[in-house]
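Down below is the structure, laid out as structure tokens.
Residue numbers count from 1 along this sequence. Values below: all heavy atoms of this structure, side chains included; hydrogens, waters and symmetry mates excluded.
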Amino acid sequence: MTAFGDAHAGAGAGAGAGAGAVAAESRRFVAVLEEGADLSTPVPGCPGWTLLDLVRHTGSVHRWFSVLLRTNVQEAPTRRAVDLDLPEREDSYAYAAWLAAGADLAARTFAEVDPDATMWTWGADPHARFWVRRMLHETLVHRVDAEGALGLRPVIDPALAADGVDEFLVNLPFATPFAPGVARLRGQGETIRFRATDQQEQGRGRGRDWVVRLSADRFGLVDREQQSVDASVHGSAADLLLLLYGRLGRDSGAFEVAGDTGLLDRWFAHSAF
């Protein structure tokens with residue numbers, strides 16, 4: 001394994017499974033809206049947004065990623081050329097149908113596109129499957145945002161959550177163009193372990209681990225078998241996912257936290273995605 005663990009940059013769950021999970025997460029999001037949700041409801045997970053903003057964003061992502069996949073872009077687009085066809089009525093039923101239509105477009109796109117096709121992505125994996133996986137976790141996290149805004153208790157599949165943790169940590173080093181604080185995640189070799197205590201890897205008697213090292217010129221995942229780390233955060237995969245996305249705090253009581261608190265403060269101050 002290389003110093004910054006290229007082996008971590010895989011596709012995660014298979015593209016077919018990812019496509020099915022996008023559809024399932026989208027249906028759950030749509031179901032929330034079909035209950036007659038108030039679109040003016042503030043969304044705590046996305047400060048400054050209402051539920052309408054959240055739905056528009058998620059449906060736009062479905063349509064935009066579908067355009068990228070269908071056109072097999074080979075370089076970073078200079079503009080977002082996509083017809084959103086927003087509903088004329090700003091009510092939850094109209095937007096539920098609009099969100100469902102975007103998810104259907106994504107499903108048709110996934111069926112037509114080779115997930116192993118080489119194309120431009122902003123992350124670690126330069127293949128079409130990157131966008132399937134990215135759309136999955138974008139949809140999952142925002143479905144959770146919608147449910148939380150409406151006072152519902154979100155449920156996240158543990159295996160999907162673990163894949164979401166992996167997807168976040170694998171791609172975060174490449175996110176500087178839209179998350180400039182990431183460029184400040186530098187150090188002198190300090191390491192942080194994130195452990196999903198409810199996920200077991202074959203042949204191991206403990207949870208699934210991700211170890212991040214902050215070096216002078218970069219940061220990224222390293223050998224997860226590393227025994228000694230400077231700080232650690234252990235919790236369920238779902239809670240870790242929400243922690244990394246800023247939806248849950250370290251002080252929530254959901255985590256076992258140890259080690260250098262200053263290092264963890266630096267990580268969470270600059271890893272906002």
Side-chain angles (χ1 to χ4, degrees), residues 18-70 77 79-110 122 131-157 160-161 164 167-168 171 175 177-181 238 241-249 252 271-273:
V22 172
E25 289 296 326
S26 298
R27 286 193 298 270
R28 294 177 70 175
F29 200 156
V30 168
V32 171
L33 300 176
E34 289 177 335
E35 293 295 321
D38 181 354
L39 294 179
S40 67
T41 302
V43 180
C46 301
W49 281 18
T50 64
L51 186 58
L52 177 61
D53 296 321
L54 183 72
V55 176
R56 282 178 171 170
H57 169 77
T58 307
S60 298
V61 164
H62 291 164
R63 290 163 171 81
W64 175 233
F65 287 9
S66 295
V67 168
L68 296 178
L69 286 164
R70 286 176 180 269
R79 62 191 182 95
R80 290 197 174 194
V82 57
D83 182 8
L84 295 180
D85 193 24
L86 292 169
E88 294 181 2
R89 304 190 328 274
E90 288 191 359
D91 67 65
S92 64
Y93 303 103
Y95 268 92
W98 179 80
L99 185 62
D104 287 344
L105 172 63
R108 294 195 302 273
T109 300
F110 297 157
W122 61 258
W131 294 108
V132 180
R133 195 181 187 201
R134 181 85 287 276
M135 193 186 299
L136 165 58
H137 296 299
E138 187 86 5
T139 306
L140 186 160
V141 170
H142 288 322
R143 184 267 296 175
V144 168
D145 286 335
E147 291 176 339
L150 295 169
L152 304 173
R153 184 171 182 174
V155 176
I156 305 174
D157 177 83
L160 281 186
E167 195 263 352
F168 181 96
N171 290 309
F178 53 87
L241 180 67
L242 297 180
L243 173 70
L244 291 172
Y245 275 95
R247 271 61 172 184
L248 191 63
S252 63
S271 61
F273 194 92

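- Within the structure, side-chain hydrogen bond (donor to acceptor under 3.5 Å, both in side chains) pairs that include any residue of residues 37-52 comprise D38-S40, T50-D53 (at least two apart or interchain).
- Contacts of E25 classified as salt bridge (charged side-chain N to carboxylate O under 4.0 Å, His left out), with partners at least two apart in sequence or in another chain: R28, R143.
- Taking the charged nitrogens against the carboxylate oxygens, R153 and E147 have no contact shorter than 4.0 Å, which rules out a salt bridge.
- Under the side-chain hydrogen bond (donor to acceptor under 3.5 Å, both in side chains) criterion, R89 pairs with D91, not counting sequence neighbours.
- Taking the salt bridge (charged side-chain N to carboxylate O under 4.0 Å, His left out) definition, one finds that E35 meets it with nothing, sequence neighbours left out.
- Under the salt bridge (Lys or Arg N to Asp or Glu O under 4.0 Å) criterion, the residue pairs touching residues 55-68 are R56-E90, with sequence neighbours excluded.
- Summarising the geometry of Y93 relative to E34, their closest heavy-atom pair is CE2-O, 3.4 Å, with the distance given to 0.1 Å.
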Side-chain donor-acceptor pairs of residues 98-105 under 3.5 Å, sequence neighbours excluded:
{"from": "W98", "atom 1": "NE1", "to": "L84", "atom 2": "O", "distance (Å)": "2.8"}
{"from": "W98", "atom 1": "NE1", "to": "D85", "atom 2": "O", "distance (Å)": "3.3"}

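- Residues satisfying the side-chain hydrogen bond (donor to acceptor under 3.5 Å, both in side chains) test with S26, not counting sequence neighbours, are none.
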* Step by step, work out the side chain to side chain contact (heavy atoms under 4.5 Å, CB included) result for L160 and L241. => CA-CA 10 Å; L160 281 186; L241 180 67; over 6 Å; no

* To do: Could you give me the CA-CA distance, side-chain angles and deciding distance for F110 and V22, then say whether side chain to side chain contact (heavy atoms under 4.5 Å, CB included) is met?
  => CA-CA 10 Å; F110 297 157; V22 172; 4.1 Å; yes

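- The ring-ring contact (aromatic ring centres under 6.0 Å, His included) search around H62 returns none, not counting sequence neighbours.
- Applying the ring-ring contact (aromatic ring centres under 6.0 Å, His included) test to F65 and every residue at least two apart in sequence or in another chain returns W131.
- Evaluation of the salt bridge (charged side-chain N to carboxylate O under 4.0 Å, His left out) rule for R70 yields E112 as partners, not counting sequence neighbours.
- Looking at T139, its side chain does come within 3.5 Å of a backbone N or O of M135 through a donor-acceptor pair.
- Partners of R247 under the side-chain hydrogen bond (donor to acceptor under 3.5 Å, both in side chains) rule, at least two apart in sequence or in another chain, are D145.
- Qualifying salt bridge (charged side-chain N to carboxylate O under 4.0 Å, His left out) partners for R79, counting only residues two or more places apart in sequence or in other chains: none.
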